[in-house]
Amino acid sequence: MRVEPVSGRVLAGPLTDVYVYEAPVRLWHWVTVLCFTVLAVTGYFISAPLPALAVGADASDYFVTGWIRMVHFTAGWLLAVAFLVRLYWAIVGNHHARTIFHIPFWSGAWWKGLFRQAGYYAFVRRESDHWVGHNPMAQAAMFFMFTLGIVVMILTGFALFAQQYAWGTTWMNLFGWVTVLLGEPQMVRTVHIFTMWYLLIFALVHMYMVFREDIMSGESVIGTMVNGIRMFKREP
């Protein structure tokens, strides 16, 4: 099977199964799904707290928001650590482990694949090309929406976490610059919340496209993130 090395487009058969996503990449994907789900739910209730559980009750009798914050912080830590491990694996892993961290703007073959895939999504082309790994449009979406979004989410999240400490402490020395860059704590919170909705929109579109492509395209999509193997259903 002949494959264009930059875009990952299959140029000629015979088609064979390809091991695309290594185990650390797949594990990171599902850990991130779990963390993001927990973060989105708990983050919503942090920004819009639940009402008091009992009229006239002492606040010390309830710690609901405190528990929500603790779960949120724990999921945030796990997301950040998993992302750092994922960055490490982008260095030591295979080619497909690096695709969500860069866009090959210099490659004419990548741009050709991008426009061909855009034509397929716009119903101008009847069938999609075969791709080993992400197609160029998926790669661009992963980089601009997911990767950059997660970086902003982690930085603003730790900046908000650091605000409970005084200037000059380790936490503020590490993440206080985010507050300085954005001007004030409320702006950090606003960017954090808007990034959450930005990532939620991406997640919904991503899930739709995954199921759509698994049904309509010529290769496996969902199964590839389970066993790591790209399998092709029809000849190009």
**Q** Determine, using the 4.5 Å side-chain heavy-atom cutoff (strictly less than), whether Leu39 and Leu148 are members of one ILVMFWY cluster.
**A**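 Cluster IDs for Leu39 and Leu148 differ.
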
**Q** Of the non-hydrogen atoms in Ser47 and Ile193, which two are nearest, and what is the gap between them?
**A**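 So the two residues come closest at CB-CD1, 4.1 Å.
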
**Q** Taking the side chain as everything from C-beta on, heavy atoms only, tell me whether Phe161 gets closer than 4.5 Å to His72.
**A** no

**Q** Kindly give the heavy-atom pair with the smallest separation between Gly168 and Met172, and that separation in Å.
**A** N-CB, 4.3 Å

**Q** Please give me the minimum heavy-atom distance between Leu155 and Val178, naming the atom from each residue.
**A** O-CG2, 4.1 Å

**Q** Taking the six-membered ring of Tyr120, is the NZ or CZ of Arg212 close enough (under 6.0 Å from the centre) and on axis enough (within 45°)?
**A**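 Checked: cation-pi criterion met.
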
**Q** Atom CZ of residue position Phe194 - does it have more than 12 heavy atoms of other residues, nucleotides or ligands inside 6.0 Å?
**A** no

**Q** Tell me whether the count of non-hydrogen atoms from other residues, nucleotides or ligands lying under 6.0 Å of OH in Tyr19 goes above 12.
**A**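 Enclosed.
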
**Q** Any idea how Tyr21 and His134 line up, ring-wise: parallel (<30°), tilted (30 to 60°), or perpendicular (>60°)?
**A** tilted

**Q** Should Ile154 and Phe101 be regarded as members of a common hydrophobic cluster, given that ILVMFWY residues are connected when their side-chain heavy atoms come within less than 4.5 Å of each other, either directly or indirectly?
**A** yes

**Q** Roughly how far, to the nearest 0.5 Å, is CZ of Phe232 from OG of Ser217?
**A**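 One gets 9.5 Å once the value is rounded to the nearest 0.5 Å.
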
**Q** Before giving the answer on side chain to side chain contact (heavy atoms under 4.5 Å, CB included), spell out for Leu114 and Gln139 the whole-Å C-alpha distance, their side-chain angles and the decisive distance to 0.1 Å.
**A** CA-CA 9 Å; Leu114 179 74; Gln139 182 182 5; over 6 Å; no

**Q** Any non-hydrogen side-chain atom of Thr32 less than 4.5 Å from a side-chain atom of Phe83?
**A**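 No. Closest side-chain heavy atoms not under 4.5 Å.
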
**Q** Would the distance check show the side chain of Arg98 and the main-chain N or O of Gly93 forming a donor-acceptor pair, the cut-off being under 3.5 Å?
**A** yes

**Q** Counting only heavy atoms not in Phe211, do more than 12 sit closer than 6.0 Å to its CZ atom?
**A** no

**Q** I need the Leu182 CG to Met187 CE distance, nearest 0.5 Å.
**A** 7.0 Å

**Q** Under 4.5 Å between side-chain heavy atoms, counting indirect links through other Ile/Leu/Val/Met/Phe/Trp/Tyr residues: same cluster for Ile215 and Met137 or not?
**A**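 As far as the 4.5 Å side-chain criterion goes, Met137 and Ile215 are connected within one cluster.
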
**Q** Given 3.5 Å as the limit, does a donor-acceptor pair link the side chain of Asn173 with the main chain of Gly176, or not?
**A** no

**Q** Got a sec: does the CZ of Arg189 have more than 12 other heavy atoms crowding it under 6.0 Å?
**A**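 Check passes, neighbour count above 12.
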
**Q** Looking only at heavy atoms, what is the nearest atom pair of Met153 and Leu199, with distance?
**A** CE-CD1, 4.0 Å

**Q** May I ask you to decide if Pro136's main-chain N or O and Gln117's side chain share a donor-acceptor pair within less than 3.5 Å?
**A**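 Judged by distance alone, no pair lies under 3.5 Å.
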
**Q** Please check this pair: side chain of Asn135 against backbone of Gly113, looking for a donor-acceptor N/O pair closer than 3.5 Å.
**A**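 Not at all, since once roles are kept as given, no pair shorter than 3.5 Å links the two residues.
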
**Q** Has the side chain of Arg230 got a donor or acceptor atom that lies under 3.5 Å from a matching backbone atom of Ser220?
**A**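 Confirmed, Arg230 side chain pairs with Ser220 backbone.
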
**Q** If you measure from CZ on Arg86 to CD1 on Ile91, what distance do you get to the nearest 0.5 Å?
**A**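 So the gap between those two atoms works out to 11.0 Å.
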
**Q** Are any of the side-chain heavy atoms of Tyr165 and Thr170 separated by less than 4.5 Å?
**A**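 Side chain of Tyr165 against side chain of Thr170, heavy atoms only: no contact under 4.5 Å found.
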
**Q** For residues Val210 and His206, determine if any side-chain heavy atom of one lies less than 4.5 Å from a side-chain heavy atom of the other.
**A**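 They are in contact (side-chain heavy atoms under 4.5 Å apart), so the answer is yes.
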
**Q** Which residue, Phe202, Tyr198, Trp197, forms the side chain to side chain contact (heavy atoms under 4.5 Å, CB included) with Leu200?
**A**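 The passing option is Trp197.
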
**Q** Between the side chain of Thr224 and the main-chain N/O of Ile229, is any donor-acceptor distance below 3.5 Å?
**A**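 Such a contact is found between Thr224 side chain and Ile229 backbone.
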
**Q** Can you measure from CZ (Phe73) to OG1 (Thr42) and round to the nearest 0.5 angstrom?
**A** 9.5 Å

**Q** Quick check: do Gln163 and Val188 have side-chain heavy atoms less than 4.5 Å from each other?
**A**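 The answer is yes, as the side chains (C-beta and beyond) meet within the 4.5 Å cut-off.
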
**Q** Would you say His130 and Val3 make side-chain contact, with heavy atoms under 4.5 Å?
**A** no

**Q** Which of parallel (below 30°), tilted (30 to 60°) and perpendicular (above 60°) describes Phe175 and Phe158?
**A**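 The rings of Phe175 and Phe158 lie parallel, inter-plane angle below 30°.
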
**Q** How long is the span from the CH2 atom in Trp110 to the CD1 atom in Ile103, to the nearest 0.5 Å?
**A** 4.5 Å

**Q** Taking all non-hydrogen atoms of both residues into account, name the closest pair between Val6 and Glu4 and its distance.
**A**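 Nearest heavy atoms, Val6 then Glu4: N-OE1, 3.0 Å.
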
**Q** Any donor-acceptor pair under 3.5 Å linking the side chain of Trp111 with the backbone of Phe105?
**A**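 Flag set: sc Trp111 to bb Phe105 pair under 3.5 Å.
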
**Q** Is there a path of hydrophobic side-chain contacts, each under 4.5 Å between heavy atoms, that joins Met209 and Phe115?
**A**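 Yes, because Met209 and Phe115 connect within a single hydrophobic cluster, where side-chain heavy atoms sit under 4.5 Å apart.
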
**Q** Assigning hydrophobic clusters by single linkage (Ile, Leu, Val, Met, Phe, Trp, Tyr; side-chain heavy-atom cutoff under 4.5 Å), is Ile150 placed with Leu87?
**A** yes

**Q** Taking all non-hydrogen atoms of both residues, which atom of Asp214 and which atom of Gly223 are closest, and how far apart?
**A** OD1-N, 4.3 Å

**Q** Nearest 0.5 angstrom please: Glu219 CD to Ser128 OG, how far?
**A** 5.5 Å

**Q** Heavy-atom distance under 4.5 Å between the side chains of Val226 and Arg26, does that happen here?
**A** no

**Q** So do the side chains of Arg9 and Arg116 get within less than 4.5 Å of each other, counting heavy atoms only?
**A**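 Result yes, sub-4.5 Å side-chain heavy-atom pair found.
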
**Q** If we ignore hydrogens and angles and just use 3.5 Å, is the side chain of Thr147 paired with the main-chain N or O of Met142 as donor and acceptor?
**A** yes

**Q** For Trp28 and Phe146, take the angle between the two ring planes, folded into 0 to 90°, and tell me which bin it lands in: parallel under 30, tilted 30 to 60, perpendicular over 60.
**A**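 Taking Phe146 first and then Trp28, their aromatic rings stand perpendicular (interplane angle over 60°).
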
